[in-house]
Amino acid sequence: MRRTVIRRRVTRMISAFLFQPPLPISPKHQYSLLPLTTTQRFLTASHSFRTLSTKSIPNMQDSASVSYLSQREAAEIDETLMGPLGFSVDQLMELAGLSVATSVAEVYKPSEYSRVLAICGPGNNGGDGLVAARHLHHFGYKPSICYPKRTSKSLYTGLVTQLESLSVPFVSVEDLPEDLSEDFDVIIDAIFGFSFHGAPRPPFDAIIRRLQTLQKRPVIVSVDIPSGWHVEEGDHEGGGIKPDMLVSLTAPKLCAKSFSGPHHFLGGRFVPPSVAEKYKLELPSYPGTSMCVRIGKPPKVDISAMRVNYVSPELLEDQVESDPVLQFRKWFDEAVAAGLRETNAMALSTTNKDRKPSSRMVLLKGFDENGFVWFTNYESKKGSDLSENPFAALLFYWEDMNRQVRIEGPVERISEEESENYYHSRPRGSQIGAIVSKQSSVVPGRHVLYDEYEELTKKYSDGSVIPKPKNWGGFRLKPNLFEFWQGQPSRLHDRLQYSLQEGNPAWIIRRLAP
Ligand SMILES: NC(=O)C1=CN([C@@H]2O[C@H](COP(=O)(O)OP(=O)(O)OC[C@H]3O[C@@H](n4cnc5c(N)ncnc54)[C@H](OP(=O)(O)O)[C@@H]3O)[C@@H](O)[C@H]2O)[C@H](O)CC1
Ligand SMILES: Cc1cc2nc3c(=O)[nH]c(=O)nc-3n(C[C@H](O)[C@H](O)[C@H](O)COP(=O)(O)O)c2cc1C
Ligand SMILES: Cc1ncc(COP(=O)(O)O)c(C=O)c1O
Ligand SMILES: [K+]
């Protein structure tokens, strides 16, 4: 009985919130969003063995634009989340702080940017900084905290206790080193958030002045608002801090329009659709299980300076299998176990009769001592290359494991029976796709493929057998050369090559210079 009354009251509160007219929000406050680029993925690659990042690339449709919030709207959304929508401040702060920590980890790897100073202000923005510091500690960073105006609320004393229990040092303003660049790689600016007003008061005024003079290092990561900036007008007087990274929470505030640093992220993956609808919030979708998403322009990168220093276990002659197929099996299984996506994706290189090479990706569909098999259209470019020159090279690159495998040898078609069996094991859509696609020929437009696909889908909607096109089937490469490559520091990689000598079935293993 009581529960029904409460439920009714909550329902009333939520509908009151939903049907209340929203504050005017200007659709002009929009900004283009870009998915995580390959470049960014490259830059964020860590330096040793990694397990799969669950991140996927958000598609462009998801990320057309993003809206900006005024100070009032930000406060109102905050109240709504913590009122009718049932969140507690602790929860939101935990998610906000985690978003900040994961954004930092996306761009600034602990191997290069381990020394973090979180400067925390008196409000919830400071609380976000304390939470972020705790997560960064667990991510392998060495955070320190400067928290000059503490509040006695249990939420904050709890956060301090948690950090102390991890032996995270607290530094007073007086004890901060003269030259911040000597002791720190990253500064988390968690001084003021969206409730900032007026001019900064001591001791934060002096701290902000120090941040204004920083050059390249330490980098500044501002939480929600670059401290000292007007929440809506931004750095309106000029000369404010110039953060390298801004992590906007829930949605960017108006001041973020004047953020010109290289890394703008959005965090706070907790906005329910009702809030987004009410405030007409255009928000990007968060990729996979990520707590943050990059917004704004992709960073300018110096391509010539892009490099990863590989660190891996050594690959030694006496540790590898004498049979390269077994060695391949071992590495393949390890890549699958590490959760890599499309472990079976490989580059296939062919040449035509004029010895002109061409490469493309295909999926490995099986391998054993008889060879490595993939499926395709025999009348495609690769199909015609292989009929002109039946030799090919396969290449696997398992980036997260710093491993590459090269396989070379003659190629032949597999039997019609094998191809039939495999074709009918594929999803029916892909079977129809194979009929529709005269692979590698010119198509006047997507509609041509789509129309034929629709027609065939109708034709076979009764579940009858979809006949395999004659020109579709498998190839098998019979290896006469393997190379197993393991990335190592200073480009002194391991390369173990397996080759065969005429008339001798035993594989010869040789180390090649990297
Ligand atoms: N829904 C969300 O997006 C969430 C955001 N979170 C974070 O919370 C902040 C907003 O937190 P709030 O506590 O409202 O405000 P601030 O952190 O900005 O700080 C308010 C305190 O700062 C003092 N203040 C204000 N102006 C000055 C100044 N000029 N000089 C010195 N001190 C100043 C203020 O004191 P007053 O006496 O002036 O009132 C307060 O003590 C948001 O930005 C996010 O980071 C949540 O963590 C999660 C949900
Ligand atoms: C990861 C990945 C896997 C692919 N797998 C296959 C495949 O198994 N068979 C295939 O015919 N095409 C596959 N493709 C498409 C090919 O890369 C290529 O576009 C197509 O086969 C036409 O190549 P061609 O014109 O050189 O013959 C794949 C593409 C990618 C990116
Ligand atoms: C054109 C084409 N054919 C075949 C394949 C292999 O697909 P399946 O795994 O369904 O055999 C792919 C995979 O990407 C492909 O793009
Ligand atoms: K801040």
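Remember, it's 1-based here, ligands and their atoms both numbered in the order they're listed.
For atom 6 (C) of ligand 2, the closest non-hydrogen atom of the protein is Val362 CA, 3.5 Å. Nearest non-hydrogen protein atom to atom 1 (C) of ligand 2 is Glu342 OE1, 3.6 Å. Considering only non-hydrogen protein atoms, atom 21 (O) of ligand 2 sits nearest to Lys382 NZ, 2.5 Å. Looking only at heavy atoms of the protein, atom 8 (O) of ligand 1 is closest to Asn124 CB, 3.1 Å. Counting protein heavy atoms only, atom 24 (P) of ligand 2 is closest to Ser440 OG, 3.5 Å. For atom 20 (C) of ligand 2, the nearest non-hydrogen atom of the protein is Gln439 NE2, 3.3 Å. Given atom 14 (O) of ligand 1, the protein heavy atom at minimum distance is Ser195 OG, 2.5 Å. Among all non-hydrogen protein atoms, the one lying nearest atom 19 (O) of ligand 1 is Gly123 CA, 3.7 Å. For atom 24 (N) of ligand 1, the closest heavy atom belonging to the protein is Phe192 CE2, 3.9 Å.
Protein heavy atoms are found less than 4.0 angstrom from atom 9 (N) of ligand 2. Under the 4.0 angstrom criterion, atom 33 (C) of ligand 1 counts as having a protein heavy-atom contact.
The ring-ring contact (aromatic ring centres under 6.0 Å, His included) with Tyr108 is formed by just one residue from the set Phe265, Phe184, Tyr113; it is Tyr113. The side chain to side chain donor-acceptor pair (under 3.5 Å) test with Asn471 is passed by exactly one of Gln439, Lys438, Glu379: Glu379. Exactly one residue among Asp244, Val186, Ile187, Asp185 makes a side chain to side chain contact (heavy atoms under 4.5 Å, CB included) with Arg217. That residue is Asp185.
Heavy-atom distances between Ala199 and ligand 1 reach below 4.0 Å in at least one pair. Under a 4.0 angstrom heavy-atom cut-off, Phe375 registers as being in contact with ligand 2. Residue contact check for ligand 1: Phe194 places a non-hydrogen atom closer than 4.0 Å to it. Within the structure, the closest approach of Leu81 to ligand 1 falls below 4.0 Å when heavy atoms are considered. Using a 4.0 Å cutoff on heavy atoms, Gly268 does not count as a contact of ligand 1.
For the atom pair CD1 (Ile188) and CE (Met245), the distance works out to 8.5 Å, reported to the nearest 0.5 Å. Taken to the nearest 0.5 Å, the CD1 atom of Ile407 stands 9.0 Å off from the CG atom of Leu395. The structure places CG of Asp224 at 7.5 Å from CG of Asp128, a figure rounded to the nearest 0.5 Å.
For the pair Lys149 and Phe204, the NZ or CZ position fails the cation-pi test of under 6.0 Å to the six-membered ring centre and within 45 degrees of the ring normal.
For ligand 1, the atoms sitting less than 4.0 Å from at least one non-hydrogen atom of Gly193 are 16 (P), 17 (O), 18 (O), 43 (O), numbered in the order shown with element in parentheses. The atoms of ligand 1 that sit less than 4.0 Å from any heavy atom of Asp78 are 1 (N), 2 (C), 4 (C), 49 (C). The ligand atoms of ligand 1 that sit less than 4.0 angstrom from a heavy atom of Thr250 are 1 (N), 2 (C), 3 (O). Short contacts between ligand 1 and Pro122, defined as distances under 4.0 Å to a heavy atom of the residue, involve ligand atoms 21 (C), 22 (O), 23 (C), 41 (O). Contact atoms of ligand 1 toward Asp224: 42 (C), 43 (O), 44 (C), 45 (O) (distance under 4.0 Å to a heavy atom of the residue). Contact atoms of ligand 1 toward Pro200: 29 (N), 30 (N) (distance under 4.0 Å to a heavy atom of the residue). Interface atoms of ligand 2 facing Leu363, defined by a heavy-atom separation under 4.0 Å, are 3 (C), 5 (N), 6 (C), 7 (C), 8 (O). Numbered from 1 in the order shown, with element, the atoms of ligand 1 that lie under 4.0 Å from a heavy atom of Met93 read 47 (O), 48 (C). Close approach to Thr376 involves these atoms of ligand 2, each under 4.0 Å from a residue heavy atom: 10 (C), 11 (O).
Nearest approach of Ser103 to Cys292, heavy atoms of both residues: OG-CB, 3.2 Å.
For the residue pair Asp189 and Ser227, a side-chain donor N or O sits within less than 3.5 Å of a side-chain acceptor on the partner. A side-chain N or O of Ser358 and one of Arg360 form a donor-acceptor pair less than 3.5 Å apart. In the model, His137 has no side-chain atom that pairs as donor or acceptor with a side-chain atom of Gln162 under 3.5 Å. Between Asn124 and Tyr156, the side chains place a donor N or O and an acceptor N or O closer than 3.5 Å (distance only, hydrogens not considered).
One option in Lys149, His197, Arg201 has a heavy atom closer to atom 29 (N) of ligand 1 than any other, and that option is His197. For atom 17 (O) of ligand 1, the candidate residues are Leu95, Asn125, Val89, Val100; the nearest heavy-atom contact is made by Asn125. The closest non-hydrogen atom to atom 14 (N) of ligand 2, taken over Met346, Lys365, Arg360, Met361, comes from Met361.
Counting only protein N, O or S atoms, 7 lie closer than 3.4 Å to the K ion (ligand 4).
Under the 30°/60° scheme for interplanar angles, the aromatic rings of Phe396 and Trp398 are found to be tilted. Ring geometry for Phe367 against Phe372 counts as parallel: the plane angle stays under 30°, on a 0 to 90° scale with 60° as the upper cut.
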Checklist entry - Where do Glu94 and Arg134 land on the salt bridge (Lys or Arg N to Asp or Glu O under 4.0 Å) test, with the steps shown first? => result CA-CA 10 Å; Glu94 190 62 32; Arg134 168 161 43 77; 2.9 Å; yes
Next on the checklist: Working note: Leu394 + Glu408, criterion side chain to side chain contact (heavy atoms under 4.5 Å, CB included); need CA distance, chi angles, decisive distance, verdict.
Outcome noted: CA-CA 6 Å; Leu394 306 176; Glu408 294 170 17; over 6 Å; no
Checklist entry - Can you list the steps and then say if Phe475 with Tyr378 is a ring pair (Phe, Tyr, Trp, His ring centres under 6.0 Å)? => result CA-CA 9 Å; Phe475 281 109; Tyr378 290 139; 5.1 Å; yes
Checklist entry - Which is it for Asp205 and Arg201 under the salt bridge (Lys or Arg N to Asp or Glu O under 4.0 Å) test, yes or no, and what are the steps along the way? => result CA-CA 5 Å; Asp205 52 349; Arg201 299 189 295 270; over 6 Å; no
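Every salt bridge (charged side-chain N to carboxylate O under 4.0 Å, His left out) that Glu416 has, sequence neighbours left out, goes to Lys468, Lys470.
No salt bridge links Lys353 with Asp385; every basic N to acidic carboxylate O contact stays at or beyond 4.0 Å.
When heavy-atom distances to ligand 1 are checked against a 4.0 Å cut-off, Asp128 comes that close only through its side chain, counted from C-beta outward.
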